[in-house]
Amino acid sequence: MKKCNKCKKSLDYSKFAKNRTQKDGYENYCKSCKNEYNKQNYGDKFTKAYLKKRGYGIYKIENIITGEFYIGKGWLNERKVDHFTKLKAQKHTNRYLQESYNKVNHEQLEFSVLEKCKPELGSYKERYYIIEAYLKQQKKLLNQHVTLRWEN
């Protein structure tokens, strides 16, 4: 049991977020108090506005040392944050991109926007860039599944 510094309730440790900088390894505020604090002070500014700030489009993550690259689509800031967070935690689902990341430090991976587009066109545009890259530089493309067929 741990006591929340905000609501003063004694709660189970599962009600607290982990924080390895604290002596006991958990935050001083319970998750519900922390969420309430974040809503009052930040609202949805960070989660919605920041992550969608740069818009939707097609992006490339390139290892500038080896020349290997990954092409994807999505809300640009959101995808950048998601990819680099998972890569740093060694939990990225694309093992080829993870291996490329592990070869160099994170500053040598470059996130660049290939094209901004509407979300409904994202899949077509992404497929176009992946096929073009596959035909030109097959050995450098880190996308796991490449479909060379245009499907409706």
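- At least one side-chain heavy atom of Asn28 sits under 4.5 Å from a side-chain heavy atom of Lys2.
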Exercise for the section: Might you work through the side-chain hydrogen bond (donor to acceptor under 3.5 Å, both in side chains) test for Glu115 and Tyr129, ending with a clear yes or no? Expected result: CA-CA 10 Å; Glu115 180 180 346; Tyr129 280 103; 2.9 Å; yes
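- Note on Leu76: it does not cluster hydrophobically with Leu121, by side-chain heavy-atom contacts below 4.5 Å among ILVMFWY residues.
- A donor-acceptor distance shorter than 3.5 angstrom exists from the side chain of Gln98 to the backbone of Leu87, with no hydrogens or angles considered.
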Practice task
Just do the salt bridge (Lys or Arg N to Asp or Glu O under 4.0 Å) check on Lys15 and Asp12 with the steps written out, would you?
Solution key: CA-CA 6 Å; Lys15 301 290 182 187; Asp12 188 55; over 6 Å; no
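- Of all the heavy atoms in Glu126 and Lys73, the pair that sits closest is OE1-NZ, 3.3 Å.
- To the nearest 0.5 Å, atoms OG1 (Thr66) and NZ (Lys140) are separated by 6.0 Å.
- Within the 4.5 Å cutoff, the side chain of Ile61 has no heavy atoms near those of the Lys80 side chain.
- One hydrophobic cluster, built from ILVMFWY side chains closer than 4.5 Å, cannot hold both Ile65 and Phe84; they sit in different ones.
- Under the 4.5 Å side-chain contact rule for hydrophobic residues, Leu135 and Ile130 share a cluster.
- The backbone N or O of Asn63 sits nowhere less than 3.5 Å from a side-chain atom of Glu68 that would complete a donor-acceptor pair.
- Within the model, atoms NE2 of His92 and CG of Asp82 stand 7.0 Å from one another, a figure rounded to the nearest 0.5 Å.
- Taken from CD in Glu107 to CD1 in Ile64, the straight-line distance is 9.5 Å, to the nearest 0.5 Å.
- Atom OH of Tyr96 is separated from atom CG of Leu141 by 11.0 Å, given to the nearest 0.5 angstrom.
- With sequence neighbours excluded, no residue forms a salt bridge (Lys or Arg N to Asp or Glu O under 4.0 Å) with Glu27.
- The CG atom of Leu142 sits 6.0 Å away from the CG atom of Leu97 when rounded to the nearest 0.5 Å.
- Connection of Tyr128 to Phe69 is established within a shared hydrophobic cluster, with ILVMFWY side chains joined at heavy-atom distances below 4.5 Å, either directly or through further cluster members.
- Expressed to the nearest 0.5 Å, how far CD of Glu132 lies from CZ of Arg127 amounts to 14.5 Å.
- Heavy atoms only, all atoms of each residue included: Ser10 and Met1 are closest at O-CE, 3.4 Å.
- Ring planes of Tyr70 and Tyr59: tilted class, angle from 30 to 60°.
- Residue pairs that meet the ring pair (Phe, Tyr, Trp, His ring centres under 6.0 Å) test with at least one member in residues 16-36, sequence neighbours left out, are Tyr13-Tyr26.
- Closest non-hydrogen pair, Cys117 versus Lys125, comes out as SG-CG, 4.2 Å.
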